[in-house]
Amino acid sequence: MLNMQTTQRTTQEWQQLDAAHHMHPFSDMGSLNKAGSRVITRAKGVYLWDSNGNKIIDGMAGLWCVNVGYGRQELADAARDQMLELPYYNTFFKTTHPPVIELSQQLSELTPDGFNHFFYCNSGSEGNDTVLRIVHQYWAALGKPQRKVVISRINGYHGSTIAGASLGGMGYMHEQMPSKVENIVHIHQPYWYGEAAEGVTPEAFGKARAAELEAKILELGADNVAAFIGEPFQGAGGVIFPPESYWPEIQRICDKYGILLVADEVIGGFGRTGEWFAHQHFGFKPDIMTLAKGLTSGYVPMGAVAIHDKVALPIIEAGDFNHGMTYSGHPVAAAVALANIAILRDGGVVDQVKNETGPYFQKSLREALSSSPIIGEIHGTGLVAGMQLCEEKNPRKRFANGGDVGLICRDHCFGNNLIMRATGDRMLLSPPLVISRTEIDELVDKAARCIALTAKDLGY
Ligand SMILES: *Cc1c(COP(=O)(O)O)cnc(C)c1O
């Protein structure tokens, strides 16, 4: 911890220094520097405090990651103890260490049958880079190196390394990145509210969007396709839950053409939906999973790739796998992950999300918001939700300037000490999984108030 006696500065000093020296991720630094960043100084449970003493309820668990909430002594102790015992050693040259061994064993228990091998990195982005390496190595091991193409989705998010962003389908990121990883193609997202024609049911739309995968495979030739990757529900894209017809169809198509199915579980993993992994909520069976965020609840960086035996065993047979990071399987991160899993599992947090707080949150949110004239649809399960802003409810009509409406709403959130994210014309919530009923009441009340204020600004 910084020594606050000697480093205590005024908010204004912090903002000036931040503007002078700190480049923020995904930000327009010109306008941010003029306005000044909000300085977050401490946090506990589901609350943050800023340098002006405001207490803010964090409806986003940081960036979808602080699953066990802020200020957990168990995680701090695990990090400290591990730093004193063995702060670092690599796992490259015929060495290993207890934290990474224990974590791998525990992950093999938590993940579905057949997931028995785990490769570590430092983020979700690196996880998806690793996925590409694994997919290509797998097909090479099977003697089919021409199976190179990975199919992904427009408005999917898979991170911000070059490979992560190439896999993702966020146009504004691609524009700033003329060189992309090759052999990646995109199909459309299963976003019924935003993209289905009038009169098309979610059921039919889900099937139609899944059918795009089959059409793309046939266009490319199945023998050239390596894998399909998708988030079980799209997170950064707006908490978009696909229609129920979607994943079973995707599964069927991947099986039919022998294509690997990769679930990017970076947000969905570690209890967000009330299941340990979000694909379990949707009922499909991936071959590979990308993990990060909730793996360590964001206390220290760590990502991992879970590899099904079907994929792992041929790679292990094939010999050298030429991939790794200095910090792959970092002992401190692994120790924190173990303490985090202990809270989520033995502390009953994931069970609580499934059986108690998740259903309560979903019900409260719908009760508070369904009657709003500008809420067209609410998606979600467990402790994640996406709320569609709309100009008219029936027939459904989006705002022409939906992104601006989202920002109006977000400004009200800011003013009301609520962290709720705006993605275009969708408002997102994803609070820490330890949130209590009383805190859910506060979160939902504030969200409803901010949406009502937005509606009022727009003249409803
Ligand atoms: C956040 C995220 C990533 C990228 O993780 P980083 O740790 O930011 O690199 C990848 N996939 C999904 C689904 C994510 O939400």
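When a ligand or atom number is given, it counts from 1 through the structure's own listing order. Keep in mind that what you see is a predicted model, and the values were worked out from it rather than measured.
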Between ligand 1 and the protein, tabulate every N or O atom pair separated by less than 3.5 Å, reporting distance only.
from     : atom 1 : to     : atom 2 : distance (Å)
ligand 1 : 5 (O)  : Gly124 : N      : 3.3
ligand 1 : 5 (O)  : Ser125 : N      : 3.4
ligand 1 : 7 (O)  : Gly124 : N      : 2.9
ligand 1 : 9 (O)  : Gly124 : N      : 3.4
ligand 1 : 9 (O)  : Ser125 : N      : 2.7
ligand 1 : 9 (O)  : Ser125 : OG     : 2.5
ligand 1 : 11 (N) : Tyr157 : O      : 3.4
ligand 1 : 11 (N) : Asp264 : OD1    : 3.3
ligand 1 : 11 (N) : Asp264 : OD2    : 2.7
ligand 1 : 15 (O) : Lys293 : NZ     : 2.7

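With Asp287 contributing its side chain and Leu261 its backbone, the two residues share a donor-acceptor pair below 3.5 Å. A donor-acceptor contact shorter than 3.5 Å is absent between the side chain of Gln362 and the backbone of Arg366.
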Is there a side-chain hydrogen bond (donor to acceptor under 3.5 Å, both in side chains) between Asp264 and Asn128 once you walk through the steps?
CA-CA 8 Å; Asp264 184 337; Asn128 284 322; 2.9 Å; yes

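Relative to the six-membered ring of Tyr70, Lys44 misses at least one condition, a distance below 6.0 Å or an angle of at most 45° to the axis. Taking the ring centre of Phe414 as origin, the terminal cationic atom of Arg38 falls inside the region bounded by 6.0 Å and 45° from the ring axis.
Between Ile435 and Val46, some side-chain heavy-atom pair lies under the 4.5 Å cut-off.
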